[in-house]
Amino acid sequence: MKYLFMFSVFVLFLGCADKNAFSKFGMNKAQELSASSIQTSKIKSDGYMDGVFSAIYLNDVYPDKYFDNEYFLISLYIKGRKDTNINLMLNKKRCIKIKRLPQNNEFSDLVGANNRWKKYFLVVFKKEKSTTLSLVLENGQSFSDPLVYQKDKL
């Protein structure tokens with residue numbers, strides 16, 4: 001009986017724990033938001049994989065700082081190419097600004113694993129009225145599947 005009581009109390013305390021999936025990883029709020037925002041797509045050409053393209057929608061991660069336009073942190077790896085002429089489209093519109101970032105940058109803590117073979121970019125698009133954002137990368141004959149984000153309705 002004594003063991004049954006102790007087991008019941010133990011189960012009761014476990015059931016009342018105030019934790020979520022991110023509490024085990026020691027993440028701050030921005031890292032949690034970026035982990036739920038990051039999306040990745042393969043870059044394909046003629047049925048073959050040319051690389052990997054990932055994006056984090058910064059408006060969701062830092063809404064007080066990034067609100068006047070649509071901001072994305074892009075990480076990019078394309079096999080065998082040093083200089084890449086990338087073309088990013090958001091809802092079929094070109095970006096208004098693209099800035100190459102150094103390996104260690106202000107967003108490095110959002111990316112989880114910072115790899116030296118990836119290139120990082122801050123990409124800005126004009127503010128979209130649509131609540132659905134479709135981000136696509138094109139590079140010559142290569143392209144990615146769309147990364148789709150939902151904006152909060154204001």
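Both backbone and side-chain heavy atoms feed into the values below; hydrogens, waters and symmetry mates do not. Throughout, residue positions are numbered sequentially from 1 according to the sequence presented.
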> So, do Ile43 and Ile78 sit near enough that their side-chain heavy atoms are less than 4.5 Å apart?
Replying inline: yes

> Would Tyr77 and Tyr120 show up in the same hydrophobic cluster when neighbours are defined by side-chain heavy atoms closer than 4.5 Å?
Replying inline: no

>> Counting C-beta onward and ignoring hydrogens, is there a side-chain heavy-atom pair between Ile96 and Phe125 closer than 4.5 Å?
In response: no

>> Run the side chain to side chain contact (heavy atoms under 4.5 Å, CB included) test against Lys42 and tell me which residues pass, sequence neighbours left out.
In response: Lys44, Met49

> Is there side-chain contact between Asn59 and Lys127, with at least one heavy-atom pair below 4.5 Å?
Replying inline: yes

>> Let's go through Lys65 and Glu106 carefully: what are the C-alpha distance in whole Å and the side-chain angles of both, what is the deciding distance for salt bridge (Lys or Arg N to Asp or Glu O under 4.0 Å) to 0.1 Å, and is it a yes or a no?
In response: CA-CA 13 Å; Lys65 185 175 181 181; Glu106 64 181 294; 3.1 Å; yes

> Taking atom types as modelled, is there a side-chain donor on Gln150 or Thr132 under 3.5 Å from an acceptor on the other?
Replying inline: yes

>> Going by the rule side chain to side chain contact (heavy atoms under 4.5 Å, CB included), which residues pair with Ile98 if we only count those two or more places apart in sequence or in a different chain?
In response: Ile86, Leu88, Cys95, Phe121, Val123

>> Tell me whether the count of non-hydrogen atoms from other residues, nucleotides or ligands lying under 6.0 Å of CG in Asp46 goes above 12.
In response: no

> How close do Leu101 and Phe107 get, heavy atom to heavy atom, and via which atoms?
Replying inline: CD1-CD1, 3.9 Å

> For the residue pair Ser41 and Leu147, what are the closest heavy atoms and their distance?
Replying inline: CB-CD2, 3.7 Å

> Got a second to check how far Tyr71's OH is from Leu58's CG, nearest 0.5 Å?
Replying inline: 9.5 Å

>> So Tyr62 and Leu110, do their side chains get closer than 4.5 Å, heavy atoms only?
In response: yes

> Are the side chains of Ile74 and Phe53 in touch, meaning some heavy atoms are under 4.5 Å apart?
Replying inline: yes

> Mind checking what makes ring pair (Phe, Tyr, Trp, His ring centres under 6.0 Å) contact with Tyr57, not counting sequence neighbours?
Replying inline: Phe72, Tyr149

> Do Lys93 and Glu70 meet the salt-bridge criterion of a basic N to acidic O distance under 4.0 Å?
Replying inline: no

>> Is it the case that the side chains of Asn69 and Tyr66 hold a donor-acceptor pair, with the cut-off being a distance below 3.5 Å and no angle test?
In response: no

> Just checking, any donor-acceptor pair under 3.5 angstrom between side chains of Ser37 and Asp60?
Replying inline: no

>> Using every non-hydrogen atom in the two residues, find where Met89 and Lys92 come nearest and quote the distance to one decimal.
In response: CE-O, 3.3 Å

> What is the minimum heavy-atom distance between Ser108 and Gln103, and which atoms define it?
Replying inline: OG-O, 3.4 Å

> Under 3.5 Å, side chain of Asn91 to main-chain N/O of Ser134, donor-acceptor pair present?
Replying inline: yes

